[in-house]
Amino acid sequence: MELKNKIENFIYGEALADGIKTSLAIIIPPLVASFFGDLYAGVTISLGAVLAHMTDTPGPFKERRNLMWLSVIMIFIVSYFTKTINSYPIFLGICLTVIVFFSNMLTVWGQRTSALGMVIMMSMVMNMNDLRHELSPLHIALFVTAGAAWYTIFSLAISTFRPYRMAQQNLADTMIHISEYIRIKASMFDKDSNYDDIIKKLIDEHVVINEKQNLVRELVFSNKRLVKDQTPIGRSIVFIFSDLIDIFENITATQYDYEKIREIYGDSKAMRKIYNLMNKLAHELKMIAYHINSNKRPKQPTFDFDVELKKIDDAIKELYAEGKKPIVLTKIYINLKQVVYKIEFIHKFFYDDSFTEKKKNPLDHAEHFEPTVDYSFGKLKDHLNLKSSIFRHAIRASIVMLLAYGVTFIIPMTYHSYWILMTVLVILKPGFSVTKKRNFQRLKGTIAGGLIGVLILLIFPQHVIRFSLMLFFMLMAYTFIRHKYAVGTLYLTAYILISFSFYSQKDSLYIIQERLIDTLVGGFMAFISCYLILPTWEKNNMNEYIQKALIANYEFIYLIFKKLADNEVSTTDYKLARKDVFIAMANINSVFQRVISEPKGKQENANELNKFTIFNQSFVSYSVGLVKILKKNNSVILTSEHIRLMKKTLQLLLQNIRLYGEYETEHLPKTIEFKEKTIIYTEIETEALQNDSELVEDLLEYLYEIAYDFTKVGHVFVKDKTLKE
């Protein structure tokens, strides 16, 4: 059943849908053109479809539409201009350098404009040949632009016809990754698992989850039609996403000293039951995701979670009967109970059309979560200096592309010389670690795909078989190229080789040899430039990301402390702060991933960054732990010790923020009205929780200790920076 669901998930998933859409848009023009006896015209039109596909990334319909039509215009201008100056190699090289620089600078406005920049550069590079002398520059530009316009109309028509499909697919994808996060975290309760490996996997998964959540947030809250929709499908997408964020919050809140927990309770029945329940929760979320993706109603819960929770409750009571006080296991049990409730809510959305959760409607504050991008010229101007990593990358890319262009006149096999330039464009990224990873993936995919393509051409001389296999490889290439680059490159190389056999006079072995050489040359130039030309190392940006994480932590914990003190806190403010703190945490995790991928000599303070990453995760988790207590009892009566710890924690965080550079901490909120009152205990769920006041004090002490740990690690970063200056 698991395999069946995975296959269905792939079939109904966004990756395959994108692959089918792109493949159809590319293959239809050559088929139609060949019917009229001009295959080359069809291939040229397909080139435009390939270029337009680069800007067709998941996102709000309006942004996609505007960007794609803008790319169509730029494709025409750049294609016509490039074809016109092809006969002037020196002028062409100068123009290439300038266009590459300004196209890379578009990154300052975000990933979407970065994709537009890639389209502009690729439009120029792919037109830097004279394979069709009989056509004028205007004719070729019109053919390419027609292909781009055809793809844009085709893609937008599909989105109009299925307005919620992209949101559904990405919601399901996010849910699958959160289920994987829960499964990994369940390993914490397996005493035989490797603790360090689990932490690394959690960090990696959290980075992916953050990217997925941001995309779904964009798709949901920027889609006016979806926000206003009252149909079951539109309503369910919004509410399920809101519940999914709450589930992730609950799982994130279960941050404790797991090594100590495993040492004390490692062989207990309670640990085994918690481990089993978390795996079952992960499985249940994955099943729901598969059904959302396939646009079906999920079955009723696979497991009786009430029974599973009762088993944990009984196992914890046994520990109490033995004279132990497993309060930490009880807190974990309460969090898991909340996750079960949320999963039950999600199921009710599918089976009860009149069901509404008794909580603030997420649509009421949708406008606060709409992504905003500053497209002002001032933002570009701010990056025109060597301190900007984007500016440094733009200069580096321009120099490398000019050198690669020069190499095309030196290497004897230059029939498709633009492949070298394309390789540089695709591989060269702002960061060393990403460039290194892309380089390896492209080389591996090119070699494997070339071997497969050559074998097919040698074994199958029949055109029908070759064409069928070419269609399959094309489909797989555009299915995987954005998600698994090495696999996508494998299929793309094989597809290109087979397609050349239909209209190129060159031998297939010659073509794969040329492509391999071009890939090696382009990859080497891109890789070595990261060392030699204005290199950008993560250590230079480390302090900025750490400061942003501390600011997000401060603003998040401030709201929680404010609520603890019975001050008014809106749900919208809390959710915005929660979003920011999760994004900041994911950014720190991502920086750490990149740092450890860099050369050993450049991994300065990697150990300290690792400590900060772990401290940061713990701080956020303990903060969310306080929220869970508040949600359970609505308010908590503070003691003088509570107030002292809160004030000291906030003060320490402010000091840490200032430590990493100039920041107007006066702009951070500080006004909390603290009132010391007589302690009143509330009725609780189990005997273990005698009063929430003690639990709050424990969490506040943990938060203060971590804030102090931030200070110790911070002095290492700042000292290292001061010595260099």
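Everything quoted here is computed from the prediction, not taken from an experiment.
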- Pick one: which of I120, D56, T55, N66 meets side chain to side chain contact (heavy atoms under 4.5 Å, CB included) with S71? T55
- Message: Under 3.5 Å, is there a donor on one side chain and an acceptor on the other for S590 and R594?
- Response: yes
- Which of these passes side chain to side chain contact (heavy atoms under 4.5 Å, CB included) with M175: L285, I247, N170? L285
- Note on the structure: Closest non-hydrogen atoms of D573 and L559, given as atom of the first, atom of the second and distance, are O-CD1, 3.4 Å
- Message: Pair Q617, N589 - check side-chain contact (heavy atoms from CB on, under 4.5 Å), show working.
- Response: CA-CA 9 Å; Q617 283 189 311; N589 294 344; 3.9 Å; yes
- Answer whether the closest heavy-atom distance between the side chains of M188 and L202 falls below 4.5 Å. yes
- Parallel, tilted or perpendicular for H53 and Y151, by the 30°/60° rule? perpendicular
- Approximate separation, where rounding is to 0.5 Å, of L215 CG and M166 CE: 8.5 Å
- Task: May I ask you to decide if L106's main-chain N or O and T113's side chain share a donor-acceptor pair within less than 3.5 Å?
- Result: yes
- Note on the structure: Between F154 and A25 the two heavy atoms that sit nearest each other are CD2-CB, 4.0 Å
- Message: Between F619 and I557, is the side-chain contact (heavy atoms from CB on, under 4.5 Å) condition met? List the steps.
- Response: CA-CA 9 Å; F619 190 90; I557 199 66; 4.3 Å; yes
- Query: Do F582 and V620 come within less than 4.5 Å of each other through their side chains, counting heavy atoms only?
  - Reply: yes
- Query: Do you know which two heavy atoms are closest between A148 and I75, and how far apart they sit?
  - Reply: CB-CD1, 3.6 Å
- Query: Out of curiosity, M476 CE to L16 CG, how far, rounded to the nearest 0.5 Å?
  - Reply: 5.5 Å
- Item | Beyond-backbone contact of R112 with P60, side-chain heavy atoms, under 4.5 angstrom | yes
- Message: Quick check for you: to the nearest 0.5 Å, what is the distance between Y491 atom OH and K484 atom NZ?
- Response: 10.0 Å
- In sequence, state the C-alpha distance, the side-chain angles, and the governing distance for D204 and K200, and then conclude on salt bridge (Lys or Arg N to Asp or Glu O under 4.0 Å). CA-CA 6 Å; D204 293 347; K200 185 179 182 305; 3.2 Å; yes
- Query: More than 12 heavy atoms of other residues, nucleotides or ligands under 6.0 Å from NZ of K429: is that the case?
  - Reply: yes
- Item | Nearest heavy-atom neighbours spanning P29 and S46 | CB-OG, 3.9 Å
- Task: State, with a plain yes or no, whether a side-chain heavy atom of I178 is found less than 4.5 Å away from one of Q213.
- Result: yes
- N104 and I390 have their tightest heavy-atom pair at O-CG2, 3.8 Å
- Task: Kindly state whether the ring of Y574 and the ring of F556 have centres lying under 6.0 angstrom apart.
- Result: yes
- Using a 4.5 Å cut-off on heavy atoms from C-beta on, say whether the side chain of D313 contacts that of T330. no
- Residues H347 and E284: side-chain donor-acceptor under 3.5 angstrom: yes
- Message: Donor-acceptor pair, distance only, cut-off 3.5 Å: does the side chain of S193 make one with the backbone of S187?
- Response: yes
- Check: M74 and V119 side chains under 4.5 Å, non-hydrogen atoms: no
- Does the side chain of N210 reach to within under 4.5 Å of the side chain of F248, using non-hydrogen atoms? no
- Query: So, R65 and S159: side-chain donor and acceptor under 3.5 Å apart, yes or no?
  - Reply: no
- Task: Count the heavy atoms belonging to other residues, nucleotides or ligands that lie under 6.0 Å from NZ of K201, then report whether that count exceeds 12.
- Result: no
- Heavy-atom check, side chain of L156 versus side chain of F61, under 4.5 Å: yes
- Evaluate whether atom CZ of F305 has more than 12 neighbouring non-hydrogen atoms of other residues, nucleotides or ligands under 6.0 angstrom away. yes
- Can you name the nearest heavy-atom pair linking S155 to R64, along with the distance? OG-NH2, 3.2 Å
- Message: Would you compute the distance between atom NZ of K273 and atom CG of L329 and round it to the nearest 0.5 angstrom?
- Response: 14.5 Å
- Task: Check the pair V627 / R578 against side-chain contact (heavy atoms from CB on, under 4.5 Å), numbers first and verdict last.
- Result: CA-CA 11 Å; V627 176; R578 180 181 66 178; over 6 Å; no
- Without swapping roles, check the side chain of N250 against the backbone of D246 for a donor-acceptor pair under 3.5 Å. yes
- Could you go step by step and tell me if R217 and K579 meet the side-chain contact (heavy atoms from CB on, under 4.5 Å) rule? CA-CA 10 Å; R217 193 178 287 114; K579 180 196 75 170; 3.4 Å; yes
- To the nearest 0.5 Å, atom CD1 of I346 lies from atom CD1 of I292 at 7.0 Å
- Between OH of Y12 and CZ of R165, what distance do you get to the nearest 0.5 Å? 8.5 Å
